[in-house]
Amino acid sequence: MRVIAIDGPAGSGKSTVARALAQKLGLDYLDTGAMYRAVTFAALRRGIDPDDGERVARVAEDCELEMDDDGTVRVDGADATIEIRGPEVTRAVSIVAANPGVREQMRRRQRAWAERRGGGVIEGRDIGTVVFPDAELKVYLDARPEVRASRRSKEVSDLSYETVAADLARRDALDQGRAHDPLREAPNAFVVDTSELGVDEIVERVMERLA
Ligand code: DC
């Protein structure tokens, strides 16, 4: 099984780089952040309070998640691609991602996904540290907070830079400070600061590492 793990905070360039790498290597691509978002969406839609750990963990276990290669995300058969990026889900997702019962279910699903495909390029926060500690290559992407906030605010055109920057700082603190599988560099990760780099350059550096 060939797994390339890409971890890092929001706006570090993970998705763009992971997609490009998957294409170059002929591997499938998995966005695990979208899975945490999908569970959050499923819980909210069922009227479950994101703080109700037990009920949310049950949703993570029994909801039907489909992650298509083109980025379409289906939750219980319904297309939720747009909604999982909306403000309601974005506000609640860090609470859901801090839930150990949810993390256990996501880990199980992510490993099954990779086994079915013989590997893949998988991006998230704990892929190299927890989900696939034996990955062929672990990449940790980072960038200065203002660079990450500016990238994100270009993606969500209806929110101001200040709102996006504040939300990013809040999520960074939650993702790095949580008790279970916090965001951190794997001990042997290839660390790249992407603040001043274009996508092609980052992909090239990672490809060199694989050679
Ligand atoms: O990458 P993203 O912003 O779409 O991720 C959404 C949330 O999910 C983010 O707050 C961190 C969490 N997450 C996680 O805890 N573990 C992962 N492997 C991926 C995402």
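FYI, side chains are in, hydrogens and waters are out, and symmetry mates aren't considered; it's all heavy atoms of this structure. One-based numbering, in listed order, for ligands and for the atoms of each.
- Remark: minimum distance from atom 7 (C) of ligand 1 to any protein heavy atom is reached at V93 CG2, 3.7 Å.
- The two residues V3 and A114 make their nearest non-hydrogen contact at CG2-CB, 4.5 Å.
- Of the candidates V191, I6, T129, V191 is the only one forming a side chain to side chain contact (heavy atoms under 4.5 Å, CB included) with Y140.
- Summary of contacts: the protein heavy atom closest to atom 4 (O) of ligand 1 is R37 NE, 2.7 Å.
- What sits closest to atom 19 (C) of ligand 1 on the protein, heavy atoms only, is T32 OG1, 3.3 Å.
- Using a 4.5 Å heavy-atom cutoff, the side chains of E66 and V75 are not in contact.
- Counting heavy atoms under 4.0 Å from ligand 1, residue R85 touches it through the side chain alone.
- Those atoms of ligand 1 with a heavy atom of D126 less than 4.0 angstrom away are 16 (N), 17 (C), 18 (N).
- Under 4.0 Å is where a charged nitrogen must lie from a carboxylate oxygen, and between D167 and R152 no such pair does.
- Only the side chain of R178 comes within contact range of ligand 1, with a heavy atom under 4.0 Å; no backbone atom does.
- Within ligand 1, the atoms closer than 4.0 Å to a non-hydrogen atom of S94 are 10 (O), numbered from 1 in the order shown.
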Full working for side-chain hydrogen bond (donor to acceptor under 3.5 Å, both in side chains) between T32 and E123:
CA-CA 6 Å; T32 63; E123 66 139 303; over 6 Å; no
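- For atom 20 (C) of ligand 1, the nearest protein heavy atom (residue, atom name, distance) is G33 CA, 3.5 Å.
- The protein heavy atom nearest to atom 3 (O) of ligand 1 is R171 NH1, 3.0 Å.
- Annotation: the span from D51 atom CG to I95 atom CD1 amounts to 5.0 Å, rounded to 0.5 Å.
- The single protein non-hydrogen atom nearest to atom 12 (C) of ligand 1 is A97 CB, 3.7 Å, given as residue, atom name and distance.
- Nearest protein heavy-atom neighbour of atom 1 (O) of ligand 1: R125 NH1, 2.9 Å.
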Is there a side chain to side chain contact (heavy atoms under 4.5 Å, CB included) between R125 and D181 once you walk through the steps?
CA-CA 8 Å; R125 303 292 193 288; D181 318 333; over 6 Å; no
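- Of the heavy atoms in R103, only side-chain atoms (C-beta onward) come closer than 4.0 Å to ligand 1.
- Neither the backbone nor the side chain of E123 comes within contact range of ligand 1; no heavy atom lies under 4.0 Å.
- Counting only N and O atoms by type, the side chains of Q110 and R107 include no donor and acceptor under 3.5 Å apart.
- Counting protein heavy atoms only, atom 8 (O) of ligand 1 is closest to Y36 CB, 3.7 Å.
- The shell of residues lying under 4.0 angstrom from ligand 1, judged by heavy atoms, excludes M106.
- Screening E185, K138, R205 for a side chain to side chain contact (heavy atoms under 4.5 Å, CB included) involving F190 leaves a single residue, R205.
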So S160 and T163, side-chain hydrogen bond (donor to acceptor under 3.5 Å, both in side chains) or not? Walk me through it.
CA-CA 5 Å; S160 71; T163 307; 2.8 Å; yes
